[in-house]
Number of protein chains: 4
Amino acid sequence: MTSRAPDPGRRNPRSRAAILAATRELLAEAGFRALTIEKIAARAGVGKQTIYRWWPSKGAVVFDALLALSETPEGAESGTPGTVELPDTGDIDADLRTVLRATVAEFADPAFEAPLRALYIEMITDADLAADYRRRMAAPINEAKRRRLRTAQEQGQLHPDADLDLIVEMLYAPLTQRWLLGTGPLDRDFADRLVTNALHAARAPGAAAPDDQRE
Amino acid sequence: MTSRAPDPGRRNPRSRAAILAATRELLAEAGFRALTIEKIAARAGVGKQTIYRWWPSKGAVVFDALLALSETPEGAESGTPGTVELPDTGDIDADLRTVLRATVAEFADPAFEAPLRALYIEMITDADLAADYRRRMAAPINEAKRRRLRTAQEQGQLHPDADLDLIVEMLYAPLTQRWLLGTGPLDRDFADRLVTNALHAARAPGAAAPDDQRE
Amino acid sequence: MTSRAPDPGRRNPRSRAAILAATRELLAEAGFRALTIEKIAARAGVGKQTIYRWWPSKGAVVFDALLALSETPEGAESGTPGTVELPDTGDIDADLRTVLRATVAEFADPAFEAPLRALYIEMITDADLAADYRRRMAAPINEAKRRRLRTAQEQGQLHPDADLDLIVEMLYAPLTQRWLLGTGPLDRDFADRLVTNALHAARAPGAAAPDDQRE
Amino acid sequence: MTSRAPDPGRRNPRSRAAILAATRELLAEAGFRALTIEKIAARAGVGKQTIYRWWPSKGAVVFDALLALSETPEGAESGTPGTVELPDTGDIDADLRTVLRATVAEFADPAFEAPLRALYIEMITDADLAADYRRRMAAPINEAKRRRLRTAQEQGQLHPDADLDLIVEMLYAPLTQRWLLGTGPLDRDFADRLVTNALHAARAPGAAAPDDQRE
DNA sequence: GCCTAAGCGAGACGGTACGTCGTGTCTTACC
DNA sequence: GGTAAGACACGACGTACCGTCTCGCTTAGGC
């Protein structure tokens, strides 16, 4: 079982960084369709085998390239990578507006958008990668979102029965969809309307009905 | 300008049908990654050039394969393809439940799911294809959804100011997201909860804030 | 059976010629160890697949490159490719000297030597190629050599029982060996001594002992 | 200058033996084309560097593997490796028959044949290796052959002017050629005919004409 | 009996070439 | 002129070895 995996202790961190940087550059310059393992290796000044040795797929490289982007700009190995926290001014409406507007801004930044788009494409046909993404990227962020909503709920700003998990999806899925497919403008107004409507749902009585009648 | 376009009158309908059928079969059997123009041509007993002559990209073939699936099972060229209508029993809540549960069922059908997934992947990197999809497939369906909500609004089941376009997105985007990325179970319960929460939003006062400051 | 072989009628003769020319050039420039399919394809301006489609191995390409060298310098498709004839002045000794000296000269010509050396290396590990070589290149030449010796034998210049096949091998194998391995100088003197000694053997009485006691 | 050469005193004889044994095994099992440094190292349980440290090329390893085969099966470091002696019963004809038949038998033994064939291939493109082979393996054997012929010559069994060096080549080159390229059966009959004809040449008057007219 | 330098197993590394697959274009022969 | 067939130049795939390089670990002598 342990016999096939290479020893991470021997891994050359310079090569790793060069590969991730090359991946980001190529995505920003030419888009996902032009991203090939050969070009990454050539740009990074690295043998192809070094990529195949450490990543199971091109999607996994893209994933790491994106992760590396979020991490330590330069300094220490990031304080506590798992702890994400949303702003809490006491006003759930304003706070969500802030957060969704920030997300809209991220989607407008090519340096972030290009690798993320590439990652989504890979995830759609690679369930393993999708699971990895959920576990390592999405899960902590979603947890933070739910936490913020729960605080608001406890403070009486949301209905005690509100279906908080669903509210999170209703907030973000429309955003993601417009970004991925261009099905509509992706601006602050859209973010604001999403917040307004999602919070209406979360304030209504009898929101959650988890008496799951199985299909 | 006219010199390059092939004459559609001379097009061989048997070849066209064979190509679309082969595309669907290959997608169902082996998934999107294994779908190649060469395999489609071989399976359809058709020259590669016949595909390149009539479709601008592989995504366009997939699109047509999916369209052909929705159309006339065998008989006439379908009465009026543009006219979609949602059920209207007078109870918006029940009707939406019916419709979303049907969508959930569609996503569970491999014959439908495989080409649609392939199409989504293509659209994410092909804006032209995405625009085509919106115009020819999504637009009429979305129009029907909005129509049904407007009827309910006019009957007083929804708030007069409800942001109906947004409600449609909040209903369907979470569904699509779970399907594409597997971010959660995709069942009747989820559909029902979506309907419940979206309608809460649509019944709240002051829903829409159409003081749309365009970006 | 016939299904796997490509149709030679569709073969592009310009590509074929370019491949063989590139092979000869690369061999002359850098020797056998530097000869790769990729370099041949690049130099010939040809896709690798075009080589793999028409030749079963690198050795087969080298073989054809060598054959093409011997054929039609430019004009017609060569009169009768199979008919080789050695000089016959009536003096077997002088004629053999002429022929072996010519062989020595050939081995000194890099344009001929390089591909032939490459071909020998391939043949040593590829029995199929070796058989092909014997059938298409060596056989007609050996037949001509035996013919010339037989004429001399009929004219009484050689013993009636002389083992002519063996004499041919004793004439040429030492030449080939010195060429391949550099086991000694390869000059006209060596050629002359080979002729002298081989003819001594061919003139001795009781040369052949075909009372083959099988091992 | 002395800084780069490793100290032979520190060489691990167990590794050396394992490498040579692995080389022979791999050659016998899969032939020359499958012989790689990596496979040798893996089979021998040795680091690649240990091979690169002590041998300049793969051919050199093969050479040593072959040498080790001829040497001491296990015991002492072989009496005097340089001293080879051909049988001498007083009958040159019978003795040569014995020796050539033994050579034929060697070529039929895969344990000996496989490394020797590999060595020949290397020598054809590696002049240094060829020179080494001549000096350390071929020279003493050829010297013994010439010695035996000279003895026969002194006893009047061969002509006083016989070109003994050439006779040796005419005896062995045809044998080697048939072995390497499979140009004909390699059996006792062939060996016997070679001896008969070569000795005819060696008994004829005026054999050698070393009045070398330089080309 | 310690120290240090070498050989050693292991295997990551930057590369080159392999042989295969798919792309989109072109050509040939048929209808 | 559309079509089935498939050759073509091209480029990427994922794998195998190359020869070099760094790691710890053993294993001498030399002190």
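Every chain is numbered from 1 and lettered A, B, ... according to where its sequence line falls, protein lines coming before strand lines. Since the model is a prediction, treat every value here as computed from it, not as a measurement. For the numbers below, each heavy atom of this structure counts, side chains included, while hydrogens, waters and symmetry mates do not.
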**Report entry** Atom pair CD1 (C:Ile121) and CG (D:Leu180), whose distance is rounded to the nearest 0.5 Å
**Finding:** 11.5 Å

**Report entry** Residue pairs fulfilling salt bridge (charged side-chain N to carboxylate O under 4.0 Å, His left out) with at least one residue in residues 46-56 of chain D, sequence neighbours excluded
**Finding:** D:Glu38-D:Lys48

Query - Separation of atom CH2 in C:Trp55 from atom P in E:dT20, rounded to whole Å - result: 16 Å

**Report entry** Counterpart residues, salt bridge (charged side-chain N to carboxylate O under 4.0 Å, His left out), relative to D:Arg10 (two or more places apart)
**Finding:** none

Report summary line: Scanning both residues in full, the closest heavy-atom pair of B:Glu122 with B:Leu129 reads CB-CD2, 3.4 Å

Query - Atom-to-atom span, CZ of A:Arg43 to P of E:dG14 - whole angstrom - result: 16 Å

Query - With D:Arg24 via salt bridge (charged side-chain N to carboxylate O under 4.0 Å, His left out) - residues at least two apart - result: none

Report task. Kindly write out the residues that satisfy side chain to side chain contact (heavy atoms under 4.5 Å, CB included) with A:Trp55, not counting sequence neighbours, or none if the list is empty. Result -> A:Arg11, A:Arg16, A:Ile19, A:Leu20, A:Ile51, A:Ala60, A:Val61, A:Asp64

Requested in this report: Walk along DNA chain F from 5' to 3' and tell me the first and last nucleotide with an atom closer than 4.0 Å to a non-hydrogen atom of chain D.
Outcome: F:dC17 to F:dC21

Report task. Mind checking ring pair (Phe, Tyr, Trp, His ring centres under 6.0 Å) for C:Tyr120 and listing every partner two or more places apart, or none if nothing turns up? Result -> C:Trp179

Query raised in the report: Who are the side chain to side chain contact (heavy atoms under 4.5 Å, CB included) partners of B:Ala114, not counting sequence neighbours?
Result: B:Leu27

Report summary line: Counting primed atoms, P, OP1 and OP2 as sugar-phosphate and everything else as base, the B/S/- map of nucleotides 1-8 of chain E against protein heavy atoms under 4.0 Å is -----SSB

Report summary line: B:Arg43 meets the side chain to side chain contact (heavy atoms under 4.5 Å, CB included) criterion, sequence neighbours left out, with B:Ala22, B:Glu25, B:Leu26, B:Glu29

Query raised in the report: What integer distance in Å separates B:Gln49:CD from E:dC30:C1'?
Result: 16 Å

**Report entry** Five-pair end axes of the helix from E:dG1-F:dC31 to E:dC31-F:dG1, angle between them (10°)
**Finding:** 10°

Requested in this report: Over all heavy atoms of both residues, which pair between D:Ser15 and D:Thr50 is shortest? Give the atoms and the distance, please.
Outcome: CB-CG2, 4.4 Å

Report summary line: Closest heavy-atom pair, B:Pro115 versus B:Pro110, reported as atoms and distance to 0.1 Å, is CD-O, 4.0 Å

**Report entry** Partners meeting side chain to side chain contact (heavy atoms under 4.5 Å, CB included) with C:Asp132 (sequence neighbours left out)
**Finding:** C:Phe63, C:Arg135, C:Arg136

Query - Euclidean distance, atom OH of residue C:Tyr52 to atom P of E:dA17 [Å, nearest integer] - result: 12 Å

Query raised in the report: Which parts of residues 31-42 of chain A get close to DNA chain F, meaning a heavy atom less than 4.0 angstrom away?
Result: A:Thr36, A:Ile37, A:Glu38, A:Lys39

Query raised in the report: In whole angstrom, what separates B:Lys58's NZ from E:dG24's P?
Result: 8 Å

Query raised in the report: So, the side chain of D:Lys39 versus the backbone of D:Thr23: is there a donor-acceptor pair under 3.5 Å, distance only?
Result: no

